[in-house]
Amino acid sequence: MSTVRVRFAPSPTGFFHIGSARTALFNWLYARHTGGQFILRIEDTDAARNTEEALNVLLAGMRWLGMDWDEGPEVGGDYGPYYQSQRGDIYRKYLDKLLESGRAYEKDGAVWFRLLGERYTEYDSYLEQEVEKVRSEAVTIKDLIRGDVVRAESRDFVLCRSDGSPTFHFVNVVDDIEMKITHVIRGEDHLSNTSKHVELFKAFGAPVPYFAHLPLILKDPSQGKGKMSKRDKGSLVEEYQKRHFIPAAVRNAIALLGWNPKDDREVLEIGELIELFDVADVQKGAARFDEQKMSHINFEYLKSLPVETYAWFARPVLTDRPWCSEDLDEDYLQRVLTICQDKINSLEDLPNFSIYFFTEDFPLDPKGLKKFAGKPATIEKLQQALAVLQDVPKADWTQAGLEQAFARLAETHGMDKPFPWWPVIRFAVSGCTGGPDFVPMLVVLGRDRVLLRLRAAIESPEFTDVESAQS
RNA sequence: GUCCCGUUCGUCUAGCCAGGUCUAGGACACCGGGUUUUCAUCCCGGCAACAGGGGUUCGAAUCCCCUACGGGACGCCA
């Protein structure tokens, strides 16, 4: 049995769509699963919209998702060139073959493929004109997902335009023959086209590859009908990149679009994906892309990351902000993240959640202001807290040391627990009403910052002034 | 219009090919309760589906047919 050779053949449009990424991923997974080759071929025949920038979007997206290619741009291979724009000579050679064998003919300056069978003329209500049709023999498309699909073509079609450029159907087949592609894995929107392709393979006397037509990804009903397009919200890989999603999580979520491991698992590492994936197990029915599911899977990844790795992803998210220094101390960063990691479900939320660890200029939550500001009890509690905390030496500024200090505070006021002081202290030192666990937060923040902020709060008109609190 | 593909909870899906173990399982979302100093975490519980009809069969989500609905293709776009 010959090795599997699959290809992803995108047209660089400047966008890397979730649907394209899924097609690429399924090809890639199938190649890795079978030990075959994954080929990247660039369909850049439409010169007008194919720029280098557009190609970069594609290659960068592929790399971000961790898909490498065995042959293609920048890596070469034995069946190149891998840009269709550079394969003109090959197409001409193949076109001549068909012209010689009589399976192609010229008409109106273009070259057409000749179907075999009885010809007749008929009014076509879709094209709204009389057209020549052919009763050609149906061809069988061997589809790994749908089984055999039998379909007949009824009209000759163009192989080469009057301006000399070859058409998609033609170059696609020629390239698949030349590159010895064994399995064509692509979107279901190509299924009806495939009978044309099979006709061409046969006309060239080439072996017909297996096909696997992937179910379409439909847009969210709130965005209209039909398949998801690049204009739909959440449909571009780039968007998740910008929102600091973990690439492995995005890849995992994309893999679940029309495929699943048949058990109840959803979070699968790349090795498991490769081991379990088989194109024959792909769903037949179309799916609707669910951004919430994507976020959830991303969250699962975020939770399970070791803090060193988490910090690696988090650092640029923070240093991107004006209030965060570029040379953020790694040890401090990791200590902050250790107490924040399991409290937030997306890296997008990290800056707002943790700003007060990095600057004195942090905002005060209006909800907290409403709750605490201008109330005598607030200042009283802060003063009581300050009195106790400033007696805690630096060496005892630890979880245990602080717990002892708070126990003393509670005891002094005849309380069992120091909880009544905590929310107001939290607000004074962080500007927030919620956040990481309280005592660990004070430990990470450090003695100096906490005392400084407590004193500042006691002095601050925002806390003491009843007028400003009500405004 | 013609041809092709599809149809299980609101959403993603398991089960279907090899009919009984399915009073249809899981996940997301949602709702309720609990834990917690706060909380976006966590725990427990709940909601909710075999598109409709006919047939085959002792028995059908599973096999067959029809209808409906959804989608795709029908370009000198890819």
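For clarity, every value in this text was computed on a predicted model and none was experimentally measured. Chain identifiers are assigned alphabetically (A, B, ...) following the order of the sequence lines, protein sequences preceding nucleic acid strands; residue numbering begins at 1 within each chain.
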| query | Contact class for A:Ala287 vs. all strands (heavy atom < 4.0 Å): base, sugar-phosphate, or nothing? | reply | sugar-phosphate

| Below 4.0 Å: OP1/OP2 of B:C39 and any side-chain N or O of A:Lys343 | no

| message | Rounding to an integer number of angstrom, what distance separates B:U57 and B:U62 when you compare their C1' atoms? | response | 13 Å

| query | If you pin A:Asp281 and A:Glu188 to their nearest nucleotides in RNA chain B, which one's is more 5'? | reply | A:Glu188

| message | Under 4.0 Å, counting only non-hydrogen atoms across every strand here, what does A:Asn193 touch: a base, just sugar-phosphate, or nothing? | response | base

| query | Under 4.0 Å between a Lys/Arg side-chain N and an Asp/Glu carboxylate O for A:Glu291 and A:Arg243? | reply | yes

| query | Contact class for A:Gly285 (heavy atom, under 4.0 Å): base, sugar-phosphate, or nothing? | reply | sugar-phosphate

| message | Using atom C1' in both nucleotides, what's the gap between B:A51 and B:C69 to the nearest angstrom? | response | 7 Å

| task | Determine: side-chain N/O of A:Gln283 to OP1/OP2 of B:A14, distance under 4.0 Å, yes or no. | result | yes

| When you compare B:C74 with B:G54, how far apart are their P atoms, in angstrom units rounded to a whole number? | 39 Å

| task | Send over the distance from A:Phe8 CZ to B:A78 C1', rounded to a whole Å. | result | 12 Å

| field | For B:C69, the Watson-Crick or wobble partner whose two distances fall under 3.5 Å | value | B:G6

| request: Taking atom P in both B:C17 and B:A60, compute the distance separating them and give it to the nearest angstrom. | output: 14 Å

| Base of B:C76 paired with side chain of A:Ser162 (donor-acceptor, under 3.5 Å) | yes

| request: Side chain of A:His169 only, please: which of B:A78, B:C42, B:U13 is the nearest? | output: B:A78

| Side-chain donor or acceptor of A:Asp124 paired with backbone N/O of A:Leu127 under 3.5 Å | yes

| query | Counting any heavy atom closer than 4.0 Å, what does A:Arg155 reach on the DNA or RNA strands: base, sugar-phosphate only, or nothing? | reply | sugar-phosphate

| request: Please work out if A:His213 contacts a base, only the sugar-phosphate, or nothing of the nucleic acid, heavy-atom cut-off 4.0 Å. | output: nothing

| request: Could you name each residue pair satisfying ring pair (Phe, Tyr, Trp, His ring centres under 6.0 Å) that touches residues 144-168 of chain A, not counting sequence neighbours? | output: A:Phe113-A:Phe157, A:Phe168-A:His190, A:Phe168-A:His197

| query | Please give, in whole Å, the distance from B:G70 C1' to A:Leu216 CG? | reply | 12 Å

| Roughly, in whole Å, what's the span from CG in A:Asp148 to C1' in B:C5? | 14 Å

| message | So A:Tyr356 and A:Val429, do their side chains get closer than 4.5 Å, heavy atoms only? | response | no

| Of A:Trp259, A:Phe277, A:Phe38, which meets ring-ring contact (aromatic ring centres under 6.0 Å, His included) against A:Phe26? | A:Phe277

| query | When you compare B:A18 with B:C5, how far apart are their C1' atoms, in angstrom units rounded to a whole number? | reply | 25 Å

| request: Taking only the side-chain heavy atoms of A:Lys227 (C-beta and beyond), determine which of B:A73, B:C28, B:C4 contains the nearest atom. | output: B:A73

| query | Ion pair present between A:Asp176 and A:Arg41, side-chain N to carboxylate O less than 4.0 angstrom? | reply | yes

| query | Which nucleotide in the list B:A78, B:U37, B:G6 gets nearest to the side chain of A:Pro423? | reply | B:U37

| field | d(CG, A:Leu256; P, B:G26) in whole Å | value | 17 Å

| What interatomic distance, in whole Å, is found between P of B:G32 and the corresponding atom of B:U37? | 23 Å

| field | Base of B:A27 paired with side chain of A:Lys293 (donor-acceptor, under 3.5 Å) | value | yes

| query | Nearest of B:U13, B:G6, B:C74 to any side-chain atom of A:Tyr126? | reply | B:C74

| said: Taking any heavy-atom pair under 4.0 Å as a contact, classify A:Arg426: base, sugar-phosphate, or nothing. | reply: base

| task | State whether A:Asp156 and A:Arg119 are salt-bridged, where the test is any N-O pair (Lys NZ or Arg NE/NH1/NH2 against Asp/Glu carboxylate O) under 4.0 Å. | result | yes

| request: Taking atom P in both B:G15 and B:U67, compute the distance separating them and give it to the nearest angstrom. | output: 29 Å

| message | When the C1' atoms of B:C58 and B:G19 are compared, how many Å lie between them, rounded to an integer? | response | 12 Å

| message | I want to check one thing: is the phosphate of B:A78, taken as OP1 and OP2, less than 4.0 Å away from some side-chain N or O of A:Arg41? | response | no

| 5′-ward residue of the pair A:Ile145/A:Ile344 relative to RNA chain B | A:Ile145

| request: Report the base-pairing partner of B:U21 (Watson-Crick or G-U wobble, both distances below 3.5 angstrom), or none. | output: none

| Would A:Phe353 pass as stacked on B:A40, i.e. its ring centre under 5.5 Å from the base's six-membered ring centre and planes under 30° apart? | no

| field | Note: A:Lys93-A:Asp96 ion pair, threshold 4.0 Å (strictly below) | value | no

| task | Looking at every strand, decide which applies to A:Phe438 at a 4.0 Å heavy-atom threshold: base, sugar-phosphate, or nothing. | result | base

| request: Hunt down the Watson-Crick or G-U wobble partner of B:G1, both distances under 3.5 Å, from any strand shown, or write none. | output: B:C74

| message | Please tell me if A:Arg146 has a side-chain N or O lying less than 4.0 Å from either OP1 or OP2 of B:C4. | response | no

| note | Side-chain contact check for A:Lys196: nearest option of B:C76, B:C4, B:C74 is B:C74

| message | Checking the side chain of A:Asp365 only, and the main-chain atoms of A:Gly431 only, is there a donor and an acceptor separated by less than 3.5 Å? | response | no

| request: Look at the rings of A:Phe211 and A:Phe201 and say which category their plane angle falls in: under 30° parallel, 30 to 60° tilted, over 60° perpendicular. | output: perpendicular

| remark: Of the listed B:G72, B:C76, B:C42, the closest approach to the A:Ala110 side chain comes from B:C76

| In whole Å, what is the span from the CG atom of A:Leu191 to the P atom of B:G72? | 13 Å

| Spacing between A:Trp259 atom CH2 and B:C12 atom C1', to the nearest angstrom | 14 Å

| said: Let's see if you can work this out: which of B:A78, B:G72, B:C4 has an atom nearest to the side-chain heavy atoms of A:Glu43? | reply: B:A78

| task | Using a 4.0 Å heavy-atom cut-off across all strands, classify A:Lys417 as base, sugar-phosphate, or nothing. | result | nothing

| task | Pick base, sugar-phosphate or nothing for A:Asn172, based on heavy-atom distances below 4.0 Å to the nucleic acid. | result | nothing

| Going by ring centres under 5.5 Å and near-parallel planes (under 30°), is A:Trp422 stacked on B:U38? | no

| said: Regarding A:Leu257, tell me which of base, sugar-phosphate or nothing describes its non-hydrogen contacts under 4.0 Å with the strands shown. | reply: nothing

| query | Roughly, in whole Å, what's the span from CZ in A:Phe419 to P in B:U35? | reply | 13 Å

| request: Would you indicate which nucleotide in B:G1, B:G15, B:U37 comes nearest to any side-chain atom of A:Lys262? | output: B:G15

| request: Sort out the partner of B:C42 for me: Watson-Crick or G-U wobble, both distances under 3.5 Å, none otherwise. | output: B:G34

| said: For a quick check of understanding: with a heavy-atom distance under 4.0 Å over all strands, which category does A:Asp437 fall into, base, sugar-phosphate or nothing? | reply: base

| message | Heavy atoms only, 4.0 Å cut-off, all strands: where does A:Pro215 land among base, sugar-phosphate and nothing? | response | nothing

| task | For A:Gly147, answer base if it contacts any base atom (sugar-phosphate contacts may also be present), sugar-phosphate if it contacts only those atoms, and nothing otherwise; contact means non-hydrogen atoms under 4.0 Å. | result | nothing

| field | Pair assignment for B:U56, Watson-Crick or G-U wobble, requiring both distances under 3.5 Å | value | none

